[in-house]
Amino acid sequence: MANDSALYIRRALVTALRGVTAAGARVYGPGVPANPVWPFIVVGNSDTAPLRAQCLDGATFDVIVHTFAKGPDESGCAELNRIVASVLDGKGRPLPDAPFPARIRRLTWLRSQIIRDTDEASAWHGLVTFQGSVSS
């Protein structure tokens with residue numbers, strides 16, 4: 001039976017990252033406030049595909065976590081990227097509020113990137129990419 005877990009994956013990652021000291025409670029899903037307080041983190045929507053095998057009903061997914069920090073250089077953003085990778089890489093976790101029993105079984109950090117944010121010269125945007133799987 002197919003269970004699209006994209007919404008629950010994002011909720012699980014937001015919950016895990018809310019404990020990140022550098023960003024405090026400023027961790028969002030796709031609904032970022034109009035004028036967020038910097039630094040902050042945004043968990044993007046996952047690209048989810050079914051994963052079916054004998055005795056297994058789950059999904060694989062890719063997700064990008066976006067980090068935003070200001071400063072004269074990219075070091076604040078690099079630190080947020082490092083924290084996000086260390087908090088999430090290799091960690092399994094249950095899917096909160098899912099109407100079906102499932103958990104993230106594998107979450108692997110693939111890469112990080114930092115670019116200058118186009119709105120302000122002292123603003124930086126990080127992208128931390130993960131790949132994972134979910135199953136019951």
Side-chain angles (χ1 to χ4, degrees):
M1 173 184 220
N3 288 312
D4 187 348
S5 51
L7 173 65
Y8 309 105
I9 291 167
R10 187 177 67 244
R11 286 180 180 169
L13 299 182
V14 167
T15 299
L17 289 170
R18 285 245 161 101
V20 175
T21 313
R26 293 182 309 272
V27 179
Y28 307 103
V32 180
N35 294 305
V37 175
W38 292 58
F40 64 98
I41 297 170
V42 177
V43 178
N45 291 314
S46 61
D47 179 10
T48 308
L51 172 64
R52 295 194 180 96
Q54 187 175 5
C55 300
L56 176 68
D57 184 18
T60 60
F61 65 91
D62 295 320
V63 64
I64 298 175
V65 177
H66 302 264
T67 62
F68 297 88
K70 292 183 179 180
D73 62 22
E74 71 279 10
S75 59
C77 198
E79 177 62 10
L80 276 182
N81 281 3
R82 185 195 66 74
I83 292 169
V84 167
S86 69
V87 166
L88 297 180
D89 184 47
K91 309 291 191 314
R93 55 189 32 89
L95 298 183
D97 307 321
F100 48 86
R103 65 180 288 117
I104 295 173
R105 300 290 177 186
R106 178 184 56 83
L107 189 59
T108 304
W109 169 59
L110 297 180
R111 71 186 65 82
S112 293
Q113 180 182 9
I114 299 173
I115 57 177
R116 188 177 294 276
D117 191 76
T118 57
D119 293 337
E120 298 181 43
S122 64
W124 300 90
H125 178 177
L127 300 103
V128 187
T129 304
F130 294 90
Q131 188 172 68
S133 64
V134 174
S135 66
S136 50

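Here the structure is a predicted model, which means the values were calculated and not measured. As a basis for the values below, the full set of heavy atoms in this structure was taken, side chains included, without hydrogen atoms, waters or symmetry mates.
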Requested in this report: Indicate the atoms forming the closest heavy-atom contact of S112 with N81, along with that distance.
Outcome: CB-ND2, 4.0 Å
Query raised in the report: With a 4.5 Å heavy-atom cut-off, do V128 and W109 have their side chains touching?
Result: yes
Query raised in the report: Which class fits the ring pair W38 and F40: parallel under 30°, tilted 30 to 60°, perpendicular over 60°?
Result: perpendicular
Report task. Hey, could you give me the CZ/OG1 distance between R105 and T60, rounded to the nearest 0.5 Å? Result -> 15.0 Å
Report task. Grab the two heavy atoms, one from R18 and one from V27, that are nearest each other, plus how far apart they are. Result -> NH2-O, 2.8 Å
Query raised in the report: R26 side chain to P36 main-chain N or O, any donor-acceptor pair under 3.5 Å?
Result: no
**Report entry** Hydrophobic cluster identity match, W124 and I41, side-chain contacts under 4.5 Å
**Finding:** no
Query raised in the report: Can you get from V87 to V63 by hopping between Ile, Leu, Val, Met, Phe, Trp and Tyr side chains that sit under 4.5 Å apart?
Result: yes
**Report entry** Polar side-chain atom of R10 near backbone of V43 as donor-acceptor pair, under 3.5 Å
**Finding:** no
Query raised in the report: Is there side-chain contact between T108 and D89, with heavy atoms separated by less than 4.5 Å?
Result: yes
Report task. With F68 as reference, evaluate V32, D117, L80 under the side chain to side chain contact (heavy atoms under 4.5 Å, CB included) test and give the passing residue. Result -> D117
For residues 69-76, run the donor-acceptor check on the side chains, cut-off 3.5 Å, and write out each pair with its distance to 0.1 Å, sequence neighbours left out.
unit_1, atom_1, unit_2, atom_2, d
K70, NZ, E120, OE1, 3.1
K70, NZ, E120, OE2, 3.1
D73, OD1, S75, N, 3.0
D73, OD1, S75, OG, 2.6

**Report entry** Side-chain heavy atoms of L17 within contact of V84, under 4.5 Å
**Finding:** yes
Requested in this report: May I ask whether I83 and I64 are part of the same hydrophobic cluster, defined by side-chain heavy atoms of I, L, V, M, F, W, Y residues being less than 4.5 angstrom apart, directly or through others?
Outcome: no
Query - Derivation of the side-chain contact (heavy atoms from CB on, under 4.5 Å) call for L107 and F61 - result: CA-CA 9 Å; L107 189 59; F61 65 91; 3.8 Å; yes
Query - Heavy-atom closest contact (A6 atom, T48 atom, distance) - result: CB-OG1, 3.7 Å
Report summary line: What one should report as the nearest heavy-atom pair of A12 and I104 is CB-CD1, 4.2 Å
Query - Hydrophobic cluster membership, V14 vs V134, 4.5 Å side-chain cutoff - result: yes
Query - Donor-acceptor contact below 3.5 Å, side chain R116 vs main chain A121 - result: yes
Report task. Walk me through it: do Q113 and H125 pass the test side-chain contact (heavy atoms from CB on, under 4.5 Å)? Result -> CA-CA 8 Å; Q113 180 182 9; H125 178 177; over 6 Å; no
